[in-house]
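Have a look at the structure below, then the notes.
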Amino acid sequence: MMESKLSRRGFCAAATAGLAGLVALDPRALLGQAPANRQAATPAQEPLPGAGPAGTLADPGRAGRPLEPVTAKDNDAAIQAVEKRLSCTCGCGLDIYTCRTTDFSCTFSPGYHRQILSLSAAGMTGDEIIAEFVKEHGESILMSPPKRGFALLGYFGPWVGMVAAASGLVLLIRAWGRRVGRVSQESVPVRVDATPAELERLQRELKQFEA
Amino acid sequence: MSLLGDLALWIALLLALWGALTGFTGGATGRTDLQQSSRNAVFALCATLFVAVFALEWLLFAHDFNVEYVAAHISSNLPTFYTWSALYSGQQGSMLFWVTVLSIFGSFAMVTTAPRHRVYLPYVGAVVCVVAVFFLGTMLLAPHVDGIGGGNPFDRLPYTPADGRGMNPQLQNPGMVFHPPMLYLGYISITIPFAFAVAALLSKQLDVDWLVAIRKWTILSWLFLSIGICLGMWWAYVELGWGGYWAWDPVENASFLPWLMMSAFLHSVMIQEKRGMLKRWNLGLILAAWILSIFGTFLTRSGVIQSVHSFTESPVGGFFLGFLLIAAALLIFLYVTRLPLLRAESTLESLVSRESTFLFNNLMLVGIAVTVLFLTMLPILSELFTGNKITPKAPTFDFVNVPLGVALLALMGIGPLIAWRKASIPNLRRQFVAPGIAGVLAVLIILLLGMRQVWPIITISLATFVMGTVVQEFARGMRARHRQYGEIYPLAFFHLIARNRRRYGGYIVHTGIVMLFVAFSGMAFKTETEASLKPGQSATLASPYGWTYTFKHLGVSQYDALNRRVTAGTLVVSRNGRTIGTMVPEKRQHVDGLGNPTFEPSTAVAIKSDLREDVYVVLGGVVNGTETAVYRFTINPLVWWVWYGGMIVALGGVIVMWPGGTVGSNRVAAGYAAKIGATE
């Protein structure tokens, strides 16, 4: 009976080859890690994205909240214009349109969007929709507070202040200028300790410098 | 290690108290032993705080989740890059970072201040130590309120969680690694010129000397603030996904306020240096810049006004408010009592002079700062006075600030063209003709090209005018050097900058600011649309340049990467039918080391840029778990001009503060004198 003997060298070579093959297939197998950068495949999903009918994702939850398909009305310029005049109340400081199309995790702006669509479908104009929102949420819903009352101070106060400050500055500089003029008229001509040749050279240097 | 950190904080507090005490006493009595002790206290403070920073980084990298700060800001699978930046991603760590950098700057001031300015140093050390006492006191004494951590980053939990909460996904961005430190460096470095200003007030040595001592420091803090603000804009643009870079958020405004004050100071200080005027004004600007920097920190941390930066909110806001009020009261008292010592040595002679335009420039910069501050505080003020909260948002800020900004742009061009003291009519004619014609031609060209929006037209026209002034100044300087020294023009260009870094570095800064203004006007032409696309379907969007972009959706893939689970949409993008590349916007669900989701899924935008416009795509999500993806497509014109403009501003700032300019000027002057001597 022939006895099959595997030498130590042979065993090591076979083991190395096996390990190398495993690592070549997926290096993370060696480290016991989950495979990365691989598309999560499920029986329901096409092997190549876009190759067949739209498949389903292995884990839709990681893609955020499920969304509705975008309709032509969602992209309506008039609807967007209304949404850009209204502020989202989630605390982002953005308008409703920008908020609902930014991180898509806001729970307020999609609802406001649907409300605007329904008010528009009911025949309301942009201004009427805005008025409806103000009635419901107060003026804080507006991206631009109305130009009245205390808000006027915010809109025009800085300009009024700047014009007043600039006018004051003009008057001040003119007053200083007049004072300097008076002082220079009253002052005695300064005696210069320089020869005419030195003065001429100074003039020449100054002209050259200015040029 | 947390014990070591805790101990280091307490020792640092004692050192800061000692440094403040000996500094003020040594300065007032002239006792050199106390002055030396205060100086040593600043160095010791710095060394001790380094130990605290080392301890916190050790705990972060060791994943010691029993430490509250570590558990709240990292997870075991957070990439190393962000584990490092967790030092300042939370409120407690950022305060440690702040006070450590302050002690480094304080030590530098002690070492690098010229011997003739050493008279201020005891007070400078004392002021640095007082600010450090406030920060360290807040860290060690701020209580936990409603489960929100106090100020100490070394506090331990009564239990050890299996893994940390992880870092806010919005902070896991390279921009966020560099943007906060840069802003902090800007805020913190203002403390040094502020400390010199207080030293000048206390020592009653209010001549031009203290201004010379702080020259480099003011430019340094302005430079850090500029870079920090630009990096913040970049982070907001690439990370937040709303398609813009500036939203007038209260915390953005808080960083803008000291920048405006420092910009005003950098201009008006020239008048004090040249004419001995505006002493009160300049001192006031430095004090105001520092108060605003602390105010900015208060806004970031208090949550008093709603902001996207709410991740740093905590109960320490009250401490900041108290410090702010006490500091402001003391500073106003000190300032008012020293007013008689701050009389101007001369006055303005003419409305048409460089000094006047600098004054108007200051008026605009400070006016914009006051406006931004007022609008930021309007919700509180309106509620206080009327009971009704009025919250101005971006459109209101734009409405008020755009005209002011445009006026500032005009002054930026006019100022350098007008002579010092008094400008003559021939001088004005000679200076204004070429840039004026350039501005008018720009209007005609853009009108012919079909642009009709008023503010962009005015902005581009004024930007051309300002660039005309810059080019004219460089051309004249180069021509003069070419005539006088026979230098070739490229060499003359470099020598011109090297010989007068402050002036020509300033012009380079102006060039960067002009680019920023042009970029801002570009956003008026932004276009956007949203679409849900099945694999193989396309959406189109017209750009302001008249091109049509087509986005073909290939499909949605999902995979794991580092500490997140990614859902990615793949789009092939073409412009006017020609493929320009692939874009892969993502939706990311971050997870901790155990695979548990942390935070809400976030977006990672895909951006394709060139000098003309950015294609900006956000993946909103998918329709009912299918590969039908919802996208928002945006075309943002001239965004790269913001980043390049920011880089040029930074370059100009570096040139202005580069050491050795004075020596070079002296050498040139000496050579010139020798030349005149030889010809005699």
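Note that these values count all heavy atoms, side chains included, but never hydrogens, waters or copies made by symmetry. Convention: sequence-line order gives letters A, B, ...; per-chain numbering from 1.
- When the candidates L533(B), T391(B), T529(B), V591(B) are compared by the number of heavy-atom contacts under 4.5 Å with chain A, T529(B) comes out ahead.
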Report, one line per pair, each donor and acceptor closer than 3.5 Å where one atom sits in a side chain of residues 146-168 of chain A; sequence neighbours left out.
residue : atom : partner : partner atom : Å
R148(A) : NH2  : E139(A) : OE2          : 2.1
Y155(A) : OH   : P145(A) : O            : 2.6
W159(A) : NE1  : V400(B) : O            : 3.0
S167(A) : OG   : V163(A) : O            : 2.7

Quiz prompt | Chi angles and distances behind the side-chain contact (heavy atoms from CB on, under 4.5 Å) call for L57(A), T626(B) | solution = CA-CA 6 Å; L57(A) 299 179; T626(B) 65; over 6 Å; no
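- At a 4.5 Å heavy-atom cutoff, the contact between F374(B) and chain A is made by side-chain atoms alone.
- Here the shortest heavy-atom pairing between G625(B) and P60(A) reads CA-CB, 3.7 Å.
- For the set A394(B), G244(B), P403(B), G243(B), the count of heavy-atom pairs under 4.5 angstrom toward chain A peaks at P403(B).
- Closest approach of T603(B) to T102(A), counting heavy atoms only: CG2-O, 3.6 Å.
- In this structure, the side chain of N75(A) engages the main chain of E530(B) through a donor-acceptor pair within 3.5 Å.
- When heavy atoms are compared at a cutoff of 4.5 Å, F385(B) approaches chain A solely by way of its side chain, counted from C-beta outward.
- Nearest approach of R62(A) to P601(B), heavy atoms of both residues: O-CB, 4.2 Å.
- Within the 4.5 angstrom heavy-atom criterion, only side-chain atoms of T386(B), from C-beta onward, approach chain A.
- Chain B forms the most heavy-atom pairs under 4.5 Å with one residue out of T71(A), V170(A), L142(A), and that residue is V170(A).
- Partners of V370(B) by side chain to side chain contact (heavy atoms under 4.5 Å, CB included), not counting sequence neighbours, listed by chain and number: V366(B).
- With S532(B) contributing its side chain and V70(A) its backbone, the two residues share a donor-acceptor pair below 3.5 Å.
- A568(B) is linked by a side chain to side chain contact (heavy atoms under 4.5 Å, CB included) to S557(B), Y559(B), V566(B), V584(B), E586(B), counting only residues two or more places apart in sequence or in another chain.
- If you measure heavy-atom distances from I390(B) to chain A, the contacts under 4.5 Å come from the side chain alone.
- In this structure, L359(B) and L169(A) have side chains that are in contact, with non-hydrogen atoms separated by less than 4.5 Å.
- For residues 109-132 of chain A, a heavy-atom distance under 4.5 Å to chain B picks out no residue at all.
- In terms of heavy-atom proximity, V630(B) sits nearest to E68(A) at CG2-O, 4.0 Å.
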Practice problem: List the steps, then state whether side-chain contact (heavy atoms from CB on, under 4.5 Å) holds for F360(B) with I173(A). | Solution: CA-CA 11 Å; F360(B) 282 103; I173(A) 295 171; 4.1 Å; yes
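- Using a 4.5 Å cut-off between heavy atoms, L363(B) contacts chain A through both its backbone and its side chain.
- Using a cut-off of 4.0 Å between Lys/Arg side-chain N and Asp/Glu carboxylate O, E528(B) and K84(A) are scored as salt-bridged.
- Ranked by non-hydrogen atom pairs under 4.5 Å with chain A, the options T396(B), L562(B), T371(B) are led by T396(B).
- Using a 4.5 Å cut-off between heavy atoms, D74(A) contacts chain B through both its backbone and its side chain.
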Exercise. Tell me, with the steps shown, if Y97(A) and R632(B) meet side-chain contact (heavy atoms from CB on, under 4.5 Å).
Key: CA-CA 11 Å; Y97(A) 173 77; R632(B) 193 190 71 214; 4.2 Å; yes
Quiz item: K393(B) and S87(A): side-chain contact (heavy atoms from CB on, under 4.5 Å), yes or no, with the steps?
Solution: CA-CA 9 Å; K393(B) 297 186 182 77; S87(A) 163; 3.1 Å; yes
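- Annotation for T101(A) and V618(B): closest pair O-CG1, 4.3 Å, computed over non-hydrogen atoms.
- Note that CH2 of W242(B) and SG of C99(A) are 12.5 Å apart. Values are rounded to the nearest 0.5 Å.
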